[in-house]
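Labels below follow one simple rule: chain letters A, B, ... track the order of the sequence lines, proteins then strands, and each chain is numbered from 1.
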Number of protein chains: 2
Amino acid sequence: MAVSVTIVDVAKAASVSIKTVSRVVNKEANVRPATREKVLAVIERLHYRPNLSARGLAGKRSYMIGLLYDSPSPSYLANLQAGVLEACQDVNYGLALRPVAYGDAELCTKVIDWLRHTMVDGVLLTPPLCDSVALIDAIKDAGVPCVVVSSTGPGSVPAVMIDEKEAARQMTQHLIQSGHRSIAFIKGHPDHYASKQRFDGFVQAMQEAALTVDTDLVKQGYFDFSSGKKIGEDMLNTHSHPTAIFASNDDMAAGVIHAAHRLKLSVPGEIAVAGFDDTPLSRQIWPSLTTVRQPIRRIGQSACDMLLASIADGGCQNADTSTIEQLDFELKIRGSSAPE
Amino acid sequence: MAVSVTIVDVAKAASVSIKTVSRVVNKEANVRPATREKVLAVIERLHYRPNLSARGLAGKRSYMIGLLYDSPSPSYLANLQAGVLEACQDVNYGLALRPVAYGDAELCTKVIDWLRHTMVDGVLLTPPLCDSVALIDAIKDAGVPCVVVSSTGPGSVPAVMIDEKEAARQMTQHLIQSGHRSIAFIKGHPDHYASKQRFDGFVQAMQEAALTVDTDLVKQGYFDFSSGKKIGEDMLNTHSHPTAIFASNDDMAAGVIHAAHRLKLSVPGEIAVAGFDDTPLSRQIWPSLTTVRQPIRRIGQSACDMLLASIADGGCQNADTSTIEQLDFELKIRGSSAPE
DNA sequence: CCGGTGATTGACAGCGCTGTCAATCACCGG
DNA sequence: CCGGTGATTGACAGCGCTGTCAATCACCGG
């Protein structure tokens, strides 16, 4: 590897001790402004970058955070990751990725093992991992700060999310206002807490409009295309199908639209469809999909910032003050629910 | 952070020196089998995992590899990354992600700076980054091994790819065999070498079938949905449009299909469409898309294995012996080119 | 049984940084 | 001008590992 400038080089060039350079680099207090300036100038001139391995070894911290996920949709992962990376770069933190399987019986053991091994300073949890009380407790026990991405049911951990229930309620209202009365709902994966919230929002809107939630029109999906397609085919293959279907995410909604095409039903004429997430897919299918936009990238960034802040705070053992940050969502009304 | 078992603990428990433990961990030669067994047993029992920071600091290596990319499609990134992570996990290597902008004037400087800073032992380059001779040279100069994902034009670096040209040729043959004579082609992003190869394959197949490549039917796209849609609209909006369109990737093909729907043309009846990549999208749109399947995940894994091998090899300065590994592709014939 | 060879093992320095603690400094009130 | 206080700075140990090199071992042929 190419040789690097070390802290010693900077210290010599600035005529201070390495400890002082270290203080400046770590933005510690009690460094005279003049000294700080001088050191910063040298750092800039020499392009000094602290060695992460050395920092990790010497300090208590590894300057890495972990991102745990279980097969999210590619676009979710890509966006989230982009946001997290951005936040990390600002403070020179590294990101360690860790794909896991939610169903794994040894999930907790494996994760804890990994925490010990990588020494990450904190972890970001994505759905449905954040809905495992056991996992969250294990991470807490290990003394590793953690922030949850998206809504979380049980456990009290800091989280960044949108108001899933309200979003689903507004989307349902949109369908009702468009004249639909017989509206079906495809629930999301039962492991995800967000599934419940989205369903709750749907129910609330229906009740507010004095419409009955027909249990025959509520189906259990799994957030994937094929479950949406299957359910869509079943539902639409009757002469008295609903006039609108609200699927809990875009992949399932795409499945419904696929089924509609196959059955030669026009969308939105004979069947209106709405999804959730605003994935790229939602703009690429025909007709383009009415959906709820979640700022995944910003959610990732905020969650990461929150995590980094709690790491900087030190232990931050006060798990009670679990802050919740809510970001804005946006209804995207497109061709699948209204003629273009 | 939770306390960990160190090499000293293992050494004591196994009654050997830490150096011997180190040898076993690093699979070095010249350790008596009996000793190796004994140490391995203790490692297993104590759940010992070497501290990455310490290894990085003490050794010449950082036990990390880098993945450079410039806004690839989410599914490409997710799959590639999954493959790379798998390969890394096998040998306990870490992965550092680095999104960059191909167009950035300071690209090389930034990348080299990053290499120095992270001390990664090697880098994986994705398109179109791997098509920048300047970048590859800079990385070589820095003495960092690198492997290229997907085909690469200039520069001689190890690479893992599919035979893009042959794949495009076969896809074109499929369209010809389906009876099409007037076939349009949408080229990929000009920065990507693969774009050229796919086009070459198309031209070859046309020539082999004694068909003319009508320059009016060859358009420049940019691998994104909107360029495909735009070109599709322009092309299909004439009374004498081609009967088939081969787009250089799935996103553009989806754009063409979107345009066809909008113009109320039936696919594949009035216009057949083929894409390239077999992204999830290709199965989710209607009709599902005929495309070429690239084993992205396995490409990532192989590329990573290759990189790890060349790192283990030591310097591996012999850039001449640039190995090329070709994986199999597969034609996926679906509804967009043949009635379901 | 002896010296020689290569395999096996260990002692020790040092990678570049942070934490601890002591030394020094600047500046205050009396 | 003096002692006292808190801000500022630096000396030094040590984080857990690998690289170097020397010591020791096993085993060979004569």
Side-chain angles (χ1 to χ4, degrees), chain A residues 1-39 43 46-64 92-94 116-119 121 311-312 314, chain B residues 1-39 43 46-64 92-94 116-119 121 311-312 314:
Chain A
M1 256 306 310
V3 241
S4 278
V5 180
T6 74
I7 198 171
V8 176
D9 303 320
V10 177
K12 275 194 197 134
S15 315
V16 295
S17 72
I18 57 168
K19 182 66 212 184
T20 297
V21 176
S22 169
R23 285 196 180 91
V24 172
V25 168
N26 292 290
K27 304 193 197 337
E28 282 173 37
N30 298 337
V31 176
R32 222 180 320 165
T35 313
R36 182 184 304 279
E37 295 301 313
K38 188 172 60 177
V39 172
I43 286 177
L46 264 43
H47 288 281
Y48 168 70
R49 302 289 230 100
N51 179 310
L52 285 184
S53 295
R55 297 232 276 186
L57 183 56
K60 290 291 144 218
R61 303 194 267 167
S62 68
Y63 296 88
M64 294 259 261
N92 255 302
Y93 252 74
R116 254 193 254 286
H117 175 223
T118 59
M119 310 267 272
D121 297 338
I311 291 168
Chain B
M1 255 308 307
V3 241
S4 278
V5 180
T6 74
I7 197 171
V8 176
D9 303 320
V10 178
K12 274 194 197 134
S15 316
V16 295
S17 73
I18 57 167
K19 183 64 213 185
T20 297
V21 177
S22 170
R23 284 196 181 93
V24 172
V25 168
N26 292 290
K27 304 193 199 334
E28 280 174 38
N30 297 338
V31 175
R32 222 180 321 164
T35 313
R36 183 183 303 280
E37 295 301 313
K38 187 172 61 177
V39 172
I43 286 177
L46 264 44
H47 288 281
Y48 169 70
R49 301 289 230 100
N51 179 309
L52 285 184
S53 296
R55 297 232 274 187
L57 183 57
K60 290 292 143 218
R61 304 193 266 168
S62 68
Y63 296 87
M64 293 259 263
N92 254 303
Y93 252 74
R116 253 192 255 286
H117 174 222
T118 59
M119 311 265 272
D121 297 337
I311 290 169

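Side-chain atoms of Asn51(B) come within 3.5 Å of backbone atoms of Ser53(B) as a donor-acceptor pair (strictly under, hydrogens ignored). At distances below 3.5 Å, at least one donor-acceptor pair connects side-chain atoms of Ser62(A) with backbone N or O atoms of Met119(A). Distance alone, capped at 3.5 Å, places no donor-acceptor pair between the Asp121(B) side chain and the Arg61(B) backbone.
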Expected output check: what is the dot-bracket annotation of DNA chain C, where ( ) and [ ] are pairs inside the strand (brackets for crossing ones), | is paired with another strand, and pairs are Watson-Crick or G-U under 3.5 Å?
||||||||||||||||||||||||||||||
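Atom CD1 in Ile7(A) sits 14.5 Å away from atom CZ in Arg49(A) (nearest 0.5 Å).
Within the nucleic acid shown, Ser53(A) has no heavy atom closer than 4.0 Å to any nucleic acid atom. Nucleic acid contact class of Val25(B) (heavy atoms, under 4.0 Å, all strands): none.
Each of Leu57(B) and Pro33(B) was matched to the nucleotide of DNA chain C holding its nearest heavy atom; the match closer to the 5' end belongs to Pro33(B). Taking for each of Gly59(A) and Ser15(B) the nucleotide of DNA chain C with the nearest heavy atom, the 5'-most of the two is the partner of Ser15(B). Comparing Ala54(B) and Arg23(B) by the nucleotide of DNA chain D that holds the closest heavy atom to each, the one mapping nearer the 5' end is Ala54(B).
No side-chain heavy atom of Val24(A) sits less than 4.5 Å from a side-chain heavy atom of Val21(A).
Nucleotides of DNA chain C with any atom under 4.0 Å from a heavy atom of chain A span, from 5' to 3', dG16(C) to dT20(C).
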Please assess Lys38(B) against Val16(B) for the test side chain to side chain contact (heavy atoms under 4.5 Å, CB included), listing each intermediate value before the final yes or no.
CA-CA 10 Å; Lys38(B) 187 172 61 177; Val16(B) 295; 4.1 Å; yes
Pair Asn30(B), Arg23(B) - check side chain to side chain donor-acceptor pair (under 3.5 Å), show working.
CA-CA 9 Å; Asn30(B) 297 338; Arg23(B) 284 196 181 93; over 6 Å; no
Verify side chain to side chain contact (heavy atoms under 4.5 Å, CB included) between Ile43(A) and Val25(A), making sure each step is shown before the conclusion.
CA-CA 9 Å; Ile43(A) 286 177; Val25(A) 168; 3.9 Å; yes
